[in-house]
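Sequence lines set the chain letters: A, B, ... in the order given, protein chains first and strands last, and positions in each chain run from 1. Note: hydrogens, waters and symmetry copies are ignored here, and every other heavy atom, side chains too, is used.
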Amino acid sequence: MTTPLVRVSGLTKTFGDTAVLKGVDFEAAAGTSTVLLGPSGSGKTTVLRSLDTLEIPDAGVVGIGDVEVDFGTLPAQGRDREARLRALRAQSGIVFQQHHLFPHKTALENIIEGPLVAQRRPRDEVVAEGRALLAQVGLEDREDSYPSQLSGGQQQRVGIARALAIKPRVVLFDEPTSALDPELVGEVLAVIKDLATQGWTTLIVTHEIRFAEQVADQVLFLDGGVVVEHGPPAQVIGDPQQERTRTFLRRVLHPGA
Amino acid sequence: MRRLLVRSLAAVVVALAVTAGLGAASPASAADEPVVVVGTEGTYPPFTFHDPDTDDLTGYDIEVVKAVAKEAGWRLTFVESSFDSLFVALDSQRIDVIANQISINPEREAKYGLSTPYTYSRGVIVTPSDVDDITTLKDIKGLRAAQSTTSNWAGVAKEAGAKIEAVDGLSQAAKVLEQGRADVIVNDNIAILDYLATSGTKKIKIAGEAEGQQTQQALMFRKADSQLKEQADAALQTLRDDGTLKRISEDYFKADVSIEDGGEAQAEGRAGRSALDVVKDQAWPVLKALVKVTIPLTAISFVVGLALALGVALARISPRRLLSVPAGVFISIVRGTPLLLQLAIVFYGLPEIGLNFDRYVAAVLAFSINIAGYAAEIIRSAILAVPKGQTEAARTIGLDYRQTLRRVVLPQALRTAVPPLSNSLLSLVKDTSLASTILVVEAFRVTLNAANESTEYLALLILLGFYYWVVCWILSIGQRRLETRLDRYV
Ligand SMILES: Nc1ncnc2c1ncn2[C@@H]1O[C@H](COP(=O)(O)OP(=O)(O)O)[C@@H](O)[C@H]1O
Ligand SMILES: [Mg+2]
């Protein structure tokens, strides 16, 4: 049996007095899509941000590929800490709920910023790759557009291309369609679905249950800072074992009821 | 972060070195003749003033000190400043000698090295023409006397019981008297005659002698520079013996004032020019000073100031108290003290602890520190106004602190910072006029000198105001263009 690409165990995080993560454990195999479900405030964003080191967990281990960081023993400061965090950060790319594109850079410039500046790769090469990524997200004709000149769905697709450009081992999505007008949701989900079929490893926080059923190899249900239930979508969504999962799904699938 | 701080500091050092180079651009000294820096008002005709035709510094005192230098083998550099500043300048070794009708008195003899006299003169009392009841020093008791505070004549007026209204030079004193803001002036007979002839004014008159005020004027050195003083004495003796002093004096006064009882001095003045003529004459010199001094001073100070400000702003934001606390203290001090005070501290104060900067360097230093204090707060809040998501996005694609700052945060902060920074720049353009207090001959000083000399204050000050306004107007056009450019992606 091969080691899973993503390994998370015992992750805890407290903000002030609130314990947000109380020991999160899960794994994800390379090339699979994992959907993270859970009520608002359950800590989904914090899990994703911890993987990309935007949040530093109090304890627990995050492993992606051959990089592994044990936050319980991570030094509080110094070169060694920075180097380890940088290595872990390079393993993932994140797509935010609000795209956070750089407003002063064009679509192409946004995409090549990481490879060109952080990874110091040759411009010719990264521009060619950037154009290919734009084509992949269906925006080959918008490379010179500034974010303000793009629709919400287009902005989010550029955001996806930007996350892919650094060639991460895993791509993290934090409610990528929640901020979009309903008619723009489809185009973004289509792009994400594409990635899954192309072999990217993805970890997706979303409230789009139907989408989760189609795309997920694994669904995690997070509540109260722990993974309450996990398994294939047919099980977690189709036949949830926990009462908390059932309540959540009822509320999401029948918001009016 | 630390490297960025080091870089901004390096930028500052380089800029200072460049200005030091500019400031020190005195002619290469020939052989080993000592360079002697002469301090003088340049606005006290006929002793020290600018020839209205050639704009050259001239006058009785100037010609005398030049003749002395020739005898003594000195090379001269002239520095012009208000009378009161001359003394501080001499004390702080900015200048080596004052040639400005310095009257010999016991206090000065105790503190300074005074040469043998080259002028014998007497004091007179000046009043408005329609005043008849003031003729002797006894009559000025309790009246308001317009005087340069450190001048010997101020001492005489004070002694007689007058209240001193402080002014910068005789010409201003006369204006104040004409305008009814003072009651009397006590000053040198010749200087008054010259003023009356030049201005053609009928509003004030010589009302009487300042009895007992036969005074003698000498070159003034620092006490410690006894060698310079001795050389000056020897030179004056030679010039007296060979008739040179007499000749210079007769050129200016049709009498020999270099000896006692050398005849009644007269002054021709330089009358007959209308305000329009004066403005026409001065339009170019003032513009030249604006372009050659005011604008470079502003530009260099602003650039150095901004580099400093960026470092201070970053230190202020830093989570490390070792950086943020000193930065906060710096900002607070700069914003909590007058710019004029900061200039005076850098120029007159620091030499006392061995930091003796050239006047231009001192000006750049003081102005850039001042800009740094204000701009640091502007830059800090502009940086904080960039959404947190931007730095997070930059980090997740692998940019480090410096790359994030340079490529993501600062370009966006710039848009917020441009309007308030432009305000700082516009203020700086005008604030450089304060450098006139530390011997920098910039546009304001040149204008004031011309106004003192010609007595045409209103016209010349309006001319200068117009120039400042044009510069600021051009800058604000630049600001608008820059804003439009930065707005293109919004
Ligand atoms: N930086 C922070 N400081 C304080 N509290 C935070 C911070 N980030 C998140 N929280 C809190 O942690 C809890 C979980 O947040 P989050 O991970 O965003 O949940 P979810 O994404 O599942 O809605 C929430 O109660 C939220 O208010
Ligand atoms: Mg969230």
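Only the backbone of A:Leu101 comes within contact range of chain B, judged by heavy atoms closer than 4.5 Å. Contact annotation for B:Gln390: both backbone and side-chain heavy atoms come within less than 4.5 Å of a heavy atom of chain A.
Residue-level contacts of residues 48-62 of chain A with chain B, in order of numbering, are A:Arg49, A:Asp52, A:Thr53, A:Leu54; threshold 4.5 Å between heavy atoms. Taking non-hydrogen atoms and a 4.5 Å limit, the residue list of residues 85-99 of chain A in contact with chain B, ordered by number, reads A:Arg89, A:Ser92, A:Ile94, A:Phe96. Heavy-atom neighbours of chain A within the stretch residues 392-399 of chain B, taken at a separation under 4.5 angstrom, comprise B:Glu392, B:Ala393, B:Ala394, B:Arg395, B:Thr396, B:Ile397, B:Gly398, B:Leu399.
Heavy atoms of other residues, nucleotides or ligands lying less than 6.0 angstrom from CG of B:Leu322 number 12 at most. Atom CD of A:Gln77 is surrounded by 12 or fewer heavy atoms from other residues, nucleotides or ligands within 6.0 Å.
Applying the side chain to side chain donor-acceptor pair (under 3.5 Å) rule to pairs touching residues 121-130 of chain A yields A:Arg121-A:Glu125, A:Arg121-A:Glu129, A:Glu129-A:Lys167, sequence neighbours excluded.
Taking each heavy atom of A:Ala118 and B:Gln403 in turn, the nearest pair found is CA-OE1, 4.2 Å.
Under the 4.5 Å side-chain criterion, counting only non-hydrogen atoms from C-beta, A:Lys105 is in contact with B:Arg407.
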